[in-house]
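Letters A, B, ... mirror the listed sequences (proteins, then strands); counts begin at 1.
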Number of protein chains: 2
Amino acid sequence: MTATKPLTRIQQKNRAAILDAALDVFSAHGYRGATVDQIALQAGLSKPNLLYYFPSKDAIHVALLTGLLSTWLAPLEQLDPDGEPVEEILKYVDLKLTMAETYPRESRLFANEIVQGAPRIHDNLTGPLRRLVDEKCAVIAGWIARGLIAPVDPHHLIFSIWATTQHYADFDVQVRAVLGDAAENRFAIAREHLRMLFSRLLTPGAAG
Amino acid sequence: MTATKPLTRIQQKNRAAILDAALDVFSAHGYRGATVDQIALQAGLSKPNLLYYFPSKDAIHVALLTGLLSTWLAPLEQLDPDGEPVEEILKYVDLKLTMAETYPRESRLFANEIVQGAPRIHDNLTGPLRRLVDEKCAVIAGWIARGLIAPVDPHHLIFSIWATTQHYADFDVQVRAVLGDAAENRFAIAREHLRMLFSRLLTPGAAG
DNA sequence: GTCTATAGAAGGATAGAC
DNA sequence: GTCTATCCTTCTATAGAC
């Protein structure tokens with residue numbers, strides 16, 4: 001089943017090197033700010049050789065975005081309808097923060113794209129993303145109906161989780177500038193802070 | 001005291017038109033994605049005429065960023081050390097959300113700049129911004145010491161407020177895509193949601 | 001102050017040798 | 001598969017007439 005187009009070992013290696021370099025450059029400078037030269041240099045290839053593997057700059061960008069989208073949404077998919085509600089959501093928060101810490105380039109790649117109106121992945125937002133979010137919001141609404149978590153708007157709960165966790169990747173330069181020397185353990189403190197934030201929001205009976 | 005360089009009425013009008021057009025274009029496409037032609041067209045001027053008012057594309061961008069920075073930080077400056085603590089912070093959240101709703105272009109202008117490492121305003125982050133944040137964090141720490149709000153890390157509290165409110169401007173296209181038809185009243189619901197989120201976090205005695 | 005025309009540089013993509 | 005050389009478009013910025 002490795003049919004149609006088996007890639008040689010060197011092809012796989014070069015494609016991977018290009019995508020990794022492109023992730024670096026696109027996430028740091030945005031689509032227009034990135035140059036093919038820069039990506040090729042960082043991948044250790046010449047520009048024409050890079051364009052032997054991908055037909056255009058745009059094709060590299062699209063390949064990156066679509067290839068990483070499933071990785072980026074995996075944490076939400078893991079939200080278990082049969083788990084303990086508050087802990088399930090807190091685990092999701094924790095996992096999203098770990099993603100921001102471990103994969104800040106991926107976070108900034110999507111941030112760049114979305115801030116500028118998501119010209120290349122808009123269909124993914126209204127399609128697969130929306131369906132996944134709606135599905136998980138129904139789960140959360142069920143928990144609320146059964147009184148297992150405090151009543152909140154599920155969609156806006158998810159927005160708050162995305163915003164607070166991805167902030168540490170997307171706005172990292174600002175976070176570090178504001179914290180100064182105290183920035184070193186920012187993720188550890190953020191983890192504790194966000195656990196408290198969402199724990200107090202969701203624990204039923206904690207507020208009227 | 002209108003000395004040194006009094007601008008004629010037409011100069012003021014054109015400068016304002018250029019800056020407004022530049023805000024539109026830079027916030028939508030980022031620095032590199034924006035073109036001087038596009039800004040000139042939208043401002044109703046020819047490109048050379050635009051460059052008669054500003055020496056370069058970069059100069060327009062810097063003028064925008066520095067000119068808007070104080071506007072952008074004004075809400076935090078209004079945080080009153082002598083006010084009622086929880087209400088002061090909730091008022092700040094509310095004001096920031098109103099800013100995101102009313103001035104989404106400004107929010108995205110800064111988002112674009114910071115996601116890409118803040119090459120043009122990094123000194124403002126480590127300087128004035130950090131000083132202002134530290135000052136207000138000291139106020140918040142004082143409130144915590146007196147038991148007026150629940151103990152939280154003040155810096156990360158501010159990060160959470162920035163993240164959750166600006167999310168509705170910076171990631172607007174994603175918010176609308178996910179909400180679909182329900183997007184129309186997103187700011188009203190967000191307002192209620194965020195008030196609850198931070199109210200439950202900060203109200204003392206609500207949790208152990 | 002405002003325009004037309006254009007210089008000069010940068011970047012995406014291709015030709016063609018090896 | 002990989003390179004050197006180059007084409008062509010786009011973009012910033014300027015020259016110079018009005």
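Set against C:dC3, C:dA13, D:dT2, the side chain of A:Ser56 has C:dA13 as its closest nucleotide. Of the listed nucleotides (C:dT4, D:dT2, C:dG1), C:dG1 has the atom at the smallest distance from the side chain of B:Tyr53. For A:Val36, counting side-chain heavy atoms from C-beta on, the closest listed nucleotide (D:dG1, D:dT4, C:dG12) is C:dG12.
Here A:Glu106 pairs with nothing under the salt bridge (charged side-chain N to carboxylate O under 4.0 Å, His left out) rule; sequence neighbours left out. Every salt bridge (charged side-chain N to carboxylate O under 4.0 Å, His left out) that B:Lys91 has, sequence neighbours left out, goes to B:Glu88. Remark: B:Glu84 engages B:Val86, B:Glu87 in a side chain to side chain contact (heavy atoms under 4.5 Å, CB included) (not counting sequence neighbours).
Under 4.0 angstrom from either OP1 or OP2 of D:dC3 there lies at least one side-chain N or O belonging to A:Ser46. Considering only side-chain N and O atoms, A:Asn49 lies nowhere under 4.0 angstrom from the phosphate OP1 or OP2 of D:dG1.
Judged purely by distance below 3.5 Å, without hydrogens or angles, the side chains of B:Thr98 and B:Arg191 pair a donor atom with an acceptor atom.
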Polar atoms only, N or O, under 3.5 Å: list the protein pairs with nucleotides 14-18 of chain C and their distances.
none

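Atom pair B:Arg32:CZ and C:dA10:C1' shows a separation of 8 Å (rounding to whole Å applied). Rounded to a whole Å, the CZ atom of B:Arg9 is 12 Å from the P atom of C:dG1. Atom P of nucleotide C:dA5 and atom CG of B:Asp37 are separated by 15 Å, given to the nearest angstrom. Between B:Ile60 atom CD1 and D:dA13 atom P there is a gap of 8 Å when expressed in whole angstrom units. The distance between atom CG of B:Asp58 and atom P of D:dC11, rounded to the nearest whole Å, is 17 Å. The separation between A:His61 atom NE2 and C:dA13 atom P is 13 Å, rounded to whole Å. In this structure, the CG atom of A:Leu41 is 13 Å from the P atom of C:dG12, given to the nearest Å. Atom NZ of A:Lys57 and atom P of D:dT10 are 14 Å apart (whole Å).
Scanning both residues, B:Leu23 and B:Ser27, for their nearest heavy atoms gives O-OG, 2.6 Å.
Residue pairs satisfying the side-chain hydrogen bond (donor to acceptor under 3.5 Å, both in side chains) criterion with at least one member in residues 149-164 of chain A, sequence neighbours excluded, are listed as follows: A:Tyr92-A:Trp162, A:Asp134-A:His155, A:His156-B:Tyr168, A:Ser160-B:His193. For the ring-ring contact (aromatic ring centres under 6.0 Å, His included) condition, the pairs that include at least one residue of residues 28-48 of chain A, sequence neighbours left out, are A:Phe26-A:Tyr31, A:Tyr31-A:His61. For residues 171-182 of chain B, every residue pair satisfying the side-chain hydrogen bond (donor to acceptor under 3.5 Å, both in side chains) rule, not counting sequence neighbours, is listed here: B:Asp172-B:Arg176, B:Asp172-B:Arg186.
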Show me, pair by pair, the donor-acceptor contacts under 3.5 angstrom made by side chains of residues 122-131 of chain B, not counting sequence neighbours?
unit_1   : atom_1 : unit_2   : atom_2 : d
B:Thr126 : OG1    : B:His122 : O      : 3.4
B:Thr126 : OG1    : B:Asp123 : O      : 3.4
B:Arg130 : NE     : A:Val178 : O      : 3.3

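Near DNA chain D, defined here as any heavy-atom distance below 4.0 Å, the residues from residues 10-28 of chain A are A:Ile10, A:Gln11, A:Asn14, listed numerically.
Within 4.0 Å (heavy atoms only), A:Ala34 reaches sugar-phosphate atoms of the nucleic acid but no base atom.
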